[in-house]
Amino acid sequence: MPARTLIDVAEELYALLPDEFTAARNDEAKAAKADDRELAAAVQALRRPSPAAWLVNQLARRRTEQVDSIVELGARLRDAQDGLDAETLAQFARQRRQLVAALARDAGELAEELGNPVRGPVLDEVAQTMQAAMSDAAAADAVRSGRLVRGLEAVGREVDLDGAVAGGAGQAVPASRGGGAATGARGSREAREARRSSGASGPQAPAARAPRRGDADASKAEQRARAAAEAREARERAERAEREARESEARAGEAERVLDELDARIAELRRTIDERTQERDDLEERLAKVEVELADAERELRPLGRERERAARSAREARAAADESRAALD
């Protein structure tokens with residue numbers, strides 16, 4: 001068996017419930033210490049994920065298709081930003097918001113299914129992290145790794161990933177690991193059936209025994225009961241699916257209404273920004289003219305100041321001469 005790596009351990013730890021993380025990490029570090037002290041230290045240094053990071057990790061494992069859809073749409077948006085018109089980009093942005101909002105709702109339901117419900121601010125941070133994954137390819141890889149330690153935030157088109165992924169960047173996590181348990185259960189059932197089959201054909205079984213009528217009737221009754229149970233389950237699944245579809249349609253309608261209101265508000269704010277920008281440009285142009293006039297006035301003022309000083313000196317001298325003349329007359 002190949003030696004376990006830090007990423008192998010991290011993938012298992014970050015699939016756990018938050019309350020299980022610390023004890024499991026300590027156990028893993030203790031187990032690794034005998035063979036690989038460096039790995040043990042690295043495992044011990046793994047940090048418990050924030051609530052939002054934990055939930056995004058579960059989405060990467062259990063809602064892989066939805067996460068992939070968002071990541072792929074983000075890549076399309078990044079590629080198209082410089083080549084598409086504003087209307088098309090607005091359509092892509094609207095689709096992005098719808099996908100992120102839907103995934104955030106699914107995240108809340110998933111948290112409840114896993115027995116670790118979260119509050120609204122955590123779902124807001126989940127949505128923020130998915131927005132970041134759409135804005136940056138490296139952030140998308142971090143989300144798909146399933147080993148986030150903290151939530152992500154896009155600043156413009158950049159996302160700070162320092163210390164955000166346990167074990168460093170890596171491949172996307174495989175789809176939901178829940179299938180492993182189901183496979184094991186099927187294997188156990190098949191093994192039990194094989195043992196029963198083997199026992200029936202063993203030396204103690206009669207070489208050829210005709211089935212009794214009572215056994216045949218019981219088998220038919222069992223088949224009818226099983227068919228009826230399956231039919232009931234199918235009806236219940238169909239009813240649940242119909243209810244969920246109605247609820248989804250209602251949520252989608254509400255989301256579209258809110259989106260329309262936001263689009264209208266955004267358009268209004270953009271008009272205001274355009275108007276204020278024009279006013280600012282006009283004021284800047286006027287200010288530039290005033291500064292030129294001020295500089296010209298200051299240049300003209302300097303020689304006038306010197307001329308005034310000379311005139312004042314001449315006036316003083318003339319006044320002194322007049323005073324002397326009067327004194328001589330007296």
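Here Thr64 contributes atom OG1 and Asp68 contributes atom CG; the two are 6.5 Å apart, rounded to the nearest 0.5 Å. Here Leu161 contributes atom CG and Asp136 contributes atom CG; the two are 6.0 Å apart, rounded to the nearest 0.5 Å. Between the CE atom of Met130 and the CZ atom of Arg96 there is a distance of 12.0 Å, given to the nearest 0.5 Å. Between atom CD of residue Glu153 and atom CD of residue Gln131 there is a gap of 11.0 Å, rounded to the nearest 0.5 Å.
Residue Ala10 comes nearest to Arg147 through the heavy atom pair CB-CD, 3.7 Å, listed as atom of the first residue, atom of the second, then distance. Closest of all the heavy-atom pairs between Thr129 and Gly151 is OG1-CA, 3.5 Å. Residues Leu123 and Ala104 come closest through the heavy atom pair CD2-O, 3.7 Å. Nearest heavy atom pair, residue Ser135 against residue Arg78, reads O-CD, 3.2 Å. Nearest heavy-atom pair across Ala29 and Ala40 is O-CB, 3.3 Å. Between Leu55 and Ala111 the shortest heavy-atom distance is CD1-CB, 3.9 Å.
Sorted by first and then second residue, the ring pair (Phe, Tyr, Trp, His ring centres under 6.0 Å) pairs involving residues 22-43 (not counting sequence neighbours) form an empty list. Residue pairs meeting the salt bridge (Lys or Arg N to Asp or Glu O under 4.0 Å) criterion with at least one member in residues 43-54, sequence neighbours excluded: Asp19-Arg48. Screening residues 301-319 for side-chain hydrogen bond (donor to acceptor under 3.5 Å, both in side chains), with sequence neighbours left out, gives no hits.
Judged as a side-chain hydrogen bond (donor to acceptor under 3.5 Å, both in side chains), and not counting sequence neighbours, Asp27 has no contacts. The salt bridge (charged side-chain N to carboxylate O under 4.0 Å, His left out) search around Glu158 returns none, not counting sequence neighbours. By the side-chain contact (heavy atoms from CB on, under 4.5 Å) test, Leu99 is found to be paired with Ile70, Leu73, Gln95, residues two or more places apart in sequence or in another chain being considered. Under the salt bridge (charged side-chain N to carboxylate O under 4.0 Å, His left out) criterion, Asp323 pairs with Arg326, not counting sequence neighbours. In this structure, Arg119 has no salt bridge (charged side-chain N to carboxylate O under 4.0 Å, His left out) partners at least two apart in sequence or on a different chain. A search for side-chain hydrogen bond (donor to acceptor under 3.5 Å, both in side chains) contacts involving Asp124 returns nothing, not counting sequence neighbours.
Using a 4.0 Å cut-off between a side-chain N of Lys or Arg and a carboxylate O of Asp or Glu, Arg62 and Glu113 do not qualify as a salt bridge. Between Arg25 and Glu28 no salt bridge is recorded (no basic side-chain N to carboxylate O distance below 4.0 Å).
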Test log, rule side chain to side chain contact (heavy atoms under 4.5 Å, CB included), inputs Gln44 and Asn26:
CA-CA 6 Å; Gln44 190 66 53; Asn26 294 343; 2.9 Å; yes

One pair to check against side chain to side chain contact (heavy atoms under 4.5 Å, CB included): Val67 and Arg144. What are the steps and the verdict?
CA-CA 8 Å; Val67 171; Arg144 297 175 73 183; 4.2 Å; yes

Stepwise, does the side chain to side chain contact (heavy atoms under 4.5 Å, CB included) test hold for Glu11 with Arg61?
CA-CA 10 Å; Glu11 283 185 353; Arg61 288 174 168 78; 4.2 Å; yes

Using the side chain to side chain contact (heavy atoms under 4.5 Å, CB included) rule, take Val56 and Leu152 through it: C-alpha gap first, then chi angles, then the decisive distance, then the call.
CA-CA 10 Å; Val56 171; Leu152 305 179; over 6 Å; no

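Judged by distance alone, the side chain of Gln58 and the main-chain N or O of Trp54 form a donor-acceptor pair under 3.5 Å.
Other residues sharing the hydrophobic cluster of Leu301, ordered by chain and number and joined by side-chain separations under 4.5 Å: none, the residue standing alone. Its side chain outside the 4.5 Å cluster rule for every partner, Leu294 clusters with none of the Ile, Leu, Val, Met, Phe, Trp and Tyr residues. The hydrophobic cluster containing Leu46, built from Ile/Leu/Val/Met/Phe/Trp/Tyr side-chain heavy atoms closer than 4.5 Å, also comprises Leu6, Val9, Leu13, Tyr14, Leu16, Phe21, Leu39, Val43, Val149.
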